[in-house]
Peer 1: 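Have a look at this one.
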Protein chains: 2
Amino acid sequence: MISKKCLYALKAVLALARHQGAGPMTIQQIADAQEIPARFLEAILRDLKQNGFTESIRGKEGGYILARPAREIRMGDIITCLEGPWYTPGPDTDVFSTIWEEADRVLTGVVNQIDFQSLLKREDELRFSHTPDYSI
Amino acid sequence: MISKKCLYALKAVLALARHQGAGPMTIQQIADAQEIPARFLEAILRDLKQNGFTESIRGKEGGYILARPAREIRMGDIITCLEGPWYTPGPDTDVFSTIWEEADRVLTGVVNQIDFQSLLKREDELRFSHTPDYSI
DNA sequence: GACAATCCCTACTAAATCAATAGGGATAGT
DNA sequence: ACTATCCCTATTGATTTAGTAGGGATTGTC
């Protein structure tokens, strides 16, 4: 399965996407909102920054923002950034190589179809469908 | 990526598939043929046996055979047996859950389409296409 | 019945990876 | 100056991976 680190990264980007246009979010805010250990999140956000997904503002009133619109960041981008490629073709091919390639292809296909704008929308729909209706 | 243990299991089953009908193969034979540490392979074969993929014959002239025809064993069966499920749905669903489910679905789809009879055929074709032609 | 080749079972270990935590340094707004 | 923020390196404990070790049980052959 996906590592916690990677899941934290996805959640952090999602939080930043929701906050986009409202100034920077501090590490602590993101950590609180998504239940991520703050010191761990710090390293993750630095990683995301180095790969061009986030930008940071230092000093007081500082924090993190997305470097690009949520629409232009795909789940697959973040996953590849944190986990590296799922399968790397080696020099010698056996019967299984082509199958790992196929698996990689379909997996990439799934996560690259989803950008963070659509994740926000999905999240809203999920919240809507899960809100219990207490009316009589 | 896939663990070495799982890859060894796949290779072992493939070796047994190729040997099917020609009596049992010893652990050592499989280990030599597929370049797997014999003591490690021992544990893997036991695991495969407990899950009904292989059978063993003890004593001299003993060894391992496939418990079913190669056609009836799929790659996905072996992988699930060794690695467990890639994703297990938890009690609480978030935006990502449905995506992991979809990823699991497509991945399972790929490896469950391939049985070991077709792997043998693929291997033969690969060997054919890779044999260098030294004729003038 | 002795012997040798095989599978069977439990326990142990070394290395790598995962999931953080710790301690300070640099920067910027007030 | 003070404080809230990000920045960087190093360290740690737990878990998983990839084996290894030592012996026990079974069965065919002489």
Peer 1: Name all residues meeting the side-chain contact (heavy atoms from CB on, under 4.5 Å) criterion together with E83(B); count only those two or more places apart in sequence or in a different chain, and write none if there are none.
Peer 2: I2(B), S3(B), C6(B), I79(B)
Peer 1: Once ring pair (Phe, Tyr, Trp, His ring centres under 6.0 Å) is applied, do any residues pair with F96(B), and if so which ones, sequence neighbours excluded?
Peer 2: none
Peer 1: In residues 25-56 of chain A, which residues come under 4.0 Å of DNA chain D by heavy atom?
Peer 2: M25(A), T26(A), I27(A), R39(A), E42(A), R46(A), K49(A), S56(A)
Peer 1: Could you say whether Y8(A) or E61(A) is positioned toward the 5' end of DNA chain C, judged by the nucleotide with the nearest heavy atom to each?
Peer 2: Y8(A)
Peer 1: Decide whether W86(A) and I99(B) are clustered together by the hydrophobic rule: side chain heavy atoms of Ile, Leu, Val, Met, Phe, Trp, Tyr closer than 4.5 Å, transitively.
Peer 2: yes
Peer 1: CD1 of I57(B) versus P of dT6(C): gap in Å, rounded?
Peer 2: 13 Å
Peer 1: To the nearest angstrom, how far is M1(A) atom CE from dC18(C) atom P?
Peer 2: 14 Å
Peer 1: Could you say whether G63(B) or C6(A) is positioned toward the 5' end of DNA chain C, judged by the nucleotide with the nearest heavy atom to each?
Peer 2: G63(B)
Peer 1: Tell me, which pairs form a side chain to side chain donor-acceptor pair (under 3.5 Å) where one or both residues lie in residues 5-26 of chain A, sequence neighbours left out?
Peer 2: R18(A)-E123(A), R18(A)-D124(A)
Peer 1: Among all residues two or more places apart in sequence or in another chain, which pass the salt bridge (charged side-chain N to carboxylate O under 4.0 Å, His left out) test with R105(B)?
Peer 2: E102(B)
Peer 1: Without placing hydrogens or testing angles, list every side-chain donor-acceptor pair under 3.5 Å for residues 71-78 of chain A, not counting sequence neighbours.
Peer 2:
residue : atom : partner : partner atom : Å
R71(A)  : NH2  : D115(A) : OD1          : 3.4
R71(A)  : NH2  : D115(A) : OD2          : 3.3
R74(A)  : NE   : D77(A)  : OD1          : 3.3
R74(A)  : NE   : D77(A)  : OD2          : 3.3
R74(A)  : NH2  : D77(A)  : OD1          : 3.0
D77(A)  : OD2  : R74(A)  : N            : 2.9

Peer 1: Below 4.0 Å from chain A heavy atoms, what is the first contacting nucleotide of DNA chain D and what is the last?
Peer 2: dA4(D) to dT9(D)
Peer 1: Sequence neighbours left out, what pairs pass ring pair (Phe, Tyr, Trp, His ring centres under 6.0 Å) with at least one residue falling in residues 42-64 of chain B?
Peer 2: none
Peer 1: With sequence neighbours excluded, tell me which residues meet side-chain contact (heavy atoms from CB on, under 4.5 Å) with P85(A).
Peer 2: T88(A)
Peer 1: Need the bend value for the helix from dG1(C)-dC30(D) to dT30(C)-dA1(D): angle between end axes, 5 pairs each end, nearest 10°.
Peer 2: 0°
Peer 1: Apply side chain to side chain donor-acceptor pair (under 3.5 Å) to R39(A) and list each qualifying residue two or more places apart in sequence or on a separate chain.
Peer 2: E42(A)
Peer 1: Quick one: list whatever passes side-chain contact (heavy atoms from CB on, under 4.5 Å) with T80(B), sequence neighbours left out.
Peer 2: none
